[in-house]
Amino acid sequence: TPLDLGLVAGIVQQACDALNYAHDLKESGESLGLVHRDVTPSNVFLTESGVAKLLDFGIAKAKGASTSTQEGTVKGKYAYMAPEQLRGLEIDRRVDVFAVGIVLFELLALRRLFQRKTDYLTFQAVLDEPLRDVRTYRPDAPDALVAVLTKCLAPMPQDRYDTTRQLRAALVSAIGEPMWGPHEIADTFHAAIRIDLVAGEEAVGMFLQRPLRVAALALTAAIATAPALAAEDSYDLNVIIPLTGGGAFLGKAENQALGV
């Protein structure tokens, strides 16, 4: 089932706000030039209250910061990198704009954009393949939203939005309907989790009618994979973006969130 456009926009605009906050950080009045470099669905978590948190600034880079990374070394997840990042060239906040564009596409299409079976094929997809039209998977996507994606995912950085603030404003304008706030996102997410819980319980119940050893294995698997890890208070976006081979996976919250 496609995700409501307002839900998608509500999540992405929160990610844009978090990135804009990070990009604009200053020290002694001078911009730090911070770039996240690893914006992916697994690094955007939704709390139970519907607030999106941008995680894992572990490979973020500030302008002029000392680093042991050699020139030309690629840092990040290949399927979410801008072309200049894959090539090991100089980067700025526009690589994060590119990555947000990928996340936006995947939330709309519910499929991976550039991920392929091997790193080489993923590199090739980012660098050489023409951008897929999201309307192939979401015929209801407004033309203005397609234009936002096209600009985000432009191969050349100068053709993208300069900031995630600009991207957020364009998204609000393009979506053509009110974006969901945290409360609406939370209500929808909780309902989805309850549905998965019921399905998981039914599956376990069926296995419990089988021999004890099989039932024990089934119960162990259900506990390990159920989308109910209810004790956790946040889930990454891979909960709602099916993997290429089908299904979805959960991520548990790390304590690396940027508190914005």
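Just the heavy atoms: all of them, side chains too, but no hydrogens, waters or symmetry mates, feed the values below.
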Glu27 CD: over 12 foreign heavy atoms closer than 6.0 Å: no
Any donor-acceptor pair under 3.5 Å from Thr122 side chain to Ala79 backbone: no
Taking every non-hydrogen atom, the tightest pair across Leu149 and Gly101: CD2-O, 3.4 Å
Side chain Ser28, main chain Glu30, donor-acceptor under 3.5 Å: no
Side chains of Leu145 and Leu108 in contact at under 4.5 Å (non-hydrogen atoms): yes
Candidate pair Asn43 and His36, rule side-chain contact (heavy atoms from CB on, under 4.5 Å), full reasoning: CA-CA 11 Å; Asn43 282 334; His36 189 286; 4.3 Å; yes
Note, Ile102 side chain near Phe114 side chain (heavy atom, < 4.5 Å): yes
Point-to-point distance, once rounded to the nearest 0.5 Å, from CG of Asp140 to CG of Leu5: 5.0 Å
Side chain to side chain contact (heavy atoms under 4.5 Å, CB included) partner of Val8, chosen from Leu171, Val103, Leu3: Leu3
Linked, directly or transitively: Leu19 and Leu25 (ILVMFWY side chains, under 4.5 Å): yes
Nearest non-hydrogen partners of Thr47 and Lys53, listed with the distance: CG2-CG, 4.0 Å
Side-chain donor or acceptor of Thr164 paired with backbone N/O of Leu167 under 3.5 Å: no
Shortest non-hydrogen contact between Leu34 and Ala22, atoms and distance: CB-O, 3.6 Å
Salt bridge flag under 4.0 Å for residues Asp159 and Arg94: no
From CA spacing to verdict: side chain to side chain donor-acceptor pair (under 3.5 Å), Glu106, Tyr80: CA-CA 11 Å; Glu106 294 184 350; Tyr80 297 90; 2.7 Å; yes
Side-chain donor/acceptor of Thr150 to backbone N/O of Val146, under 3.5 Å: yes
Minimum side-chain heavy-atom gap Phe98-Cys152 below 4.5 Å: no
Minimal non-hydrogen separation, Ala186 against Ser49, with atom names: CB-C, 3.5 Å
Closest contact, heavy atoms only, Pro83 versus Arg160: CD-NH2, 3.7 Å
Any Pro142 side-chain heavy atom under 4.5 Å of Ile175 side chain: no
Qualifying residues under side chain to side chain contact (heavy atoms under 4.5 Å, CB included), relative to Gln13, sequence neighbours excluded: Asp17, Arg168, Met179
Expected output: side-chain Gln14 to main-chain Ala52 donor-acceptor under 3.5 Å: yes
Short side-chain to backbone donor-acceptor contact, Asp96 and Arg37, under 3.5 Å: yes
SB check Asp162 Arg93 (cutoff 4.0 Å): no
Donor-acceptor contact below 3.5 Å, side chain His23 vs main chain Asp92: no
Closest contact, heavy atoms only, Val148 versus Ala174: CG2-CB, 3.8 Å
Rounded distance [0.5 Å steps], CG in Leu46 versus OG1 in Thr188: 11.0 Å
Rounded distance (nearest 0.5 Å) linking atom CE of Met81 with atom OG1 of Thr40: 10.5 Å
Those residues that, when tested against Asp119, pass side chain to side chain contact (heavy atoms under 4.5 Å, CB included) (two or more places apart): Tyr78
Test item: Glu84 and Val95 side chains (from C-beta on) under 4.5 Å apart, heavy atoms: yes
Side-chain ion pair, Asp38 and Lys77, N-O less than 4.0 Å: yes
Inter-residue atom distance Tyr161.OH - Cys16.SG, 0.5 Å rounding: 10.0 Å
Show me the side-chain donor-acceptor pairs of residues 127-135 shorter than 3.5 Å, one per line, residues at least two apart or across chains.
residue: Glu129; atom: OE1; partner: Arg116; partner atom: NH2; Å: 2.8
residue: Arg132; atom: NH1; partner: Tyr137; partner atom: OH; Å: 3.0
residue: Arg132; atom: NH2; partner: Arg112; partner atom: O; Å: 3.0
residue: Arg132; atom: NH2; partner: Leu113; partner atom: O; Å: 2.4
residue: Asp133; atom: OD1; partner: Arg135; partner atom: N; Å: 2.9
residue: Asp133; atom: OD1; partner: Arg135; partner atom: NE; Å: 3.1
residue: Asp133; atom: OD2; partner: Arg135; partner atom: NE; Å: 3.3
residue: Asp133; atom: OD2; partner: Arg135; partner atom: NH2; Å: 3.0
residue: Arg135; atom: NH1; partner: Asp143; partner atom: OD1; Å: 2.7

Intermediate values then yes/no, side-chain contact (heavy atoms from CB on, under 4.5 Å), Leu104 and Leu107: CA-CA 5 Å; Leu104 175 58; Leu107 281 170; 5.6 Å; no
